[in-house]
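Computed from a predicted structure; not experimentally measured. Convention: sequence-line order gives letters A, B, ...; per-chain numbering from 1.
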Protein chains: 2
Amino acid sequence: MARAETAPRVPLTRERILHTAIELAGARGIGGLTMRGLGEALGVEAMSLYNHVANKADLLNGMVDAVFAEIELPSHSDDWRTAIRKRSVSFHAMLTRHPWVSGLRDSATQPGTSTLRHHDRVIGTFRNGGFSVALAAHAFSLIDSYIYGFALQEAALPLATEEQSAEVAEAMMAQLAVAEFPYLAELTVEHVMQPGYQYSNEFTIGLDLVLDSLEAALAKEQGASGVDDSGAGRAHSMPIHSE
Amino acid sequence: MARAETAPRVPLTRERILHTAIELAGARGIGGLTMRGLGEALGVEAMSLYNHVANKADLLNGMVDAVFAEIELPSHSDDWRTAIRKRSVSFHAMLTRHPWVSGLRDSATQPGTSTLRHHDRVIGTFRNGGFSVALAAHAFSLIDSYIYGFALQEAALPLATEEQSAEVAEAMMAQLAVAEFPYLAELTVEHVMQPGYQYSNEFTIGLDLVLDSLEAALAKEQGASGVDDSGAGRAHSMPIHSE
DNA sequence: GCTTTAGTACTTACATCGTAAGGCAATTCG
DNA sequence: CGAATTGCCTTACGATGTAAGTACTAAAGC
């Protein structure tokens, strides 16, 4: 048959499926990603995909793990604050590229190796920076909650470009009873509708505030360990509000 | 007719629909909430619901707005920090009661009146506490991102009870190559597997760190306005990292 | 070379979903 | 009492994830 020369006949792979799925999710949104549509994009019937992924949940897990590999790992040569800051900005950029990730909660239950490696390096960066195990856990929880939550709001509010912001703000003001929500109105007019406003700029502002507080908590913890060893010793206690 | 006495014959209402939908989402998860199932729970056919809600998206929006009304509004009599802290704890408690809320990004695009009132009061609390418009916006973004993000991770990781935590941690350790992810292993063993650990306890720790950083930012902003009026005057600039 | 075997892709089919269209009954208004 | 309006129900359609069974393709053994 002529199949050998006419069709390239690239065999289906899990990697190829994941890549195309990520592309498709980007183009049509995660809701527009269907097994049939994905099959079509790969020149294949929907059911053929099931030879390489267990089910759609497995596909989504794989997609999340694949994009986690795009995040810049914290560098060993940087001090903890710059290392964490860099990877957080990179993390945020990834979530901006792939807005559907923050919506997929299930994937956290079954983390892939990329995800685990990432988490391990982040925790390690804190530990090497002098954080106790407990404080490293707090820091990890705080930072990642912020990053995820910010991405969630970013995905919801369509304030990506300046025009979009203006549009949304105006629509909001139009239907908004200004008298009933005066502070919301003030913030919209005097902040959101200012020229050059983009919600995504808020990210690093909040991030730096978070890093400030972690730096202070670390200083407090290290100071406390000099006076009283209970802070560093009972690693699973709460060293921040020990009073 | 006998209808008055035999059958209670409570007529369908948007409120009754929303309440039952919230219950159902709590019992079966948001994925288990279907129009047919909801109708059945109300003793009614699925299509009858469409006389009171436009479509499923409208239903979900209504549900989100209804549970937003459960959040304790920041009190005017408290100072900003305690007021925000109280409402944040209340917010978090609501998201724990209704874990599906954080997953519904779409609802932020079409906020209901409860949601708007809530946001207005939060921003107002910051403003009355002395925050500039810009800093209030940053604070609002930071705090709500953290709360949402934390709830997202809480919903994903099933670490609600102590037993669950232990279970998950052990399962993780079992399949985890300890040598490959040493820091993750350390954190799991020395922190998560400690007696009495519950991930939800991390919430107030991170929250207090965030509030610390906002307090510092406010002090910095107010200190700067004494030396130089540009901080308070140009409200849409970035008063935190002005250097 | 031919035959066997395993794995990959295709076909068909089903349960379940949101919801469009139209019918019927009960309640409200004249 | 009759007319109209509202609210609920019936039926039906297209789309989705995926179970089950079939056919083809490519490597392994003789």
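- In this structure, B/Glu40 places its CD atom 15 Å from C1' of C/dC17, rounding to the nearest Å.
- OP1 and OP2 of C/dG7 both lie 4.0 Å or more from every side-chain N or O belonging to A/His52.
- Nucleotide D/dA19 holds its C1' atom 15 Å from the CG atom of A/Leu49, rounded to whole Å.
- Residue B/Leu33 contributes atom CG, which lies 16 Å from atom P of C/dT16 at whole-angstrom precision.
- Residue B/Arg14 contributes atom CZ, which lies 16 Å from atom C1' of D/dG7 at whole-angstrom precision.
- More than 12 heavy atoms of other residues, nucleotides or ligands lie within 6.0 Å of CZ in B/Arg97, so this atom counts as buried by the packing criterion.
- When distances are taken from the side chain of B/Ser48 to each of C/dC10, C/dG18, D/dC8, the shortest belongs to D/dC8.
- Rounded to an integer number of Å, the gap from CG of B/Leu12 to P of C/dT27 is 15 Å.
- Across the protein-nucleic acid pair, A/Tyr50 atom OH and C/dA9 atom P stand 15 Å apart, rounded to whole Å.
- Nearer to the 5' terminus of DNA chain D, by closest-nucleotide assignment, is the contact made by B/Glu45 (compared with the other of B/Glu45 and A/Arg36).
- Between A/Asn51 and A/Leu12 there is no side-chain heavy-atom pair separated by less than 4.5 Å.
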Original post:
Should A/Phe91 and A/Phe68 be marked as a ring pair (Phe, Tyr, Trp, His ring centres under 6.0 Å) after you check the CA-CA gap, both sets of side-chain angles, and the distance that decides it?
Top reply: CA-CA 8 Å; A/Phe91 193 172; A/Phe68 252 84; 5.6 Å; yes

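- Put simply, the side chain of A/Asp58 never gets that close to the backbone of A/Val53: no donor and acceptor are under 3.5 Å apart.
- For B/Met47, the side-chain atoms get nearest to C/dA21 when compared with the rest of C/dC10, C/dA21, D/dG17.
- For the segment residues 54-63 of chain A, the set of residues with a heavy atom within less than 4.0 Å of an atom of DNA chain C is empty.
- Position along DNA chain C of the nearest nucleotide to B/Gly37 versus A/Asn51 favours A/Asn51 as the more 5'-ward residue.
- Spacing between atom CE of B/Met35 and atom C1' of D/dC9 amounts to 15 Å, rounded to whole angstrom units.
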Subject >> Step-by-step side-chain contact (heavy atoms from CB on, under 4.5 Å) determination, B/Met193 to B/Thr188 >> reply: CA-CA 6 Å; B/Met193 294 179 78; B/Thr188 304; 4.2 Å; yes

Original post:
Which is it for B/Arg87 and B/His118 under the side-chain hydrogen bond (donor to acceptor under 3.5 Å, both in side chains) test, yes or no, and what are the steps along the way?
Top reply: CA-CA 10 Å; B/Arg87 87 91 209 192; B/His118 176 89; 2.7 Å; yes

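- The distance from atom CG of A/Leu38 to atom C1' of C/dA9 is 15 Å, rounded to the nearest whole Å.
- You'll find the side chain of B/Trp100 reaches within 4.5 Å of the side chain of B/Ile22, heavy atoms only.
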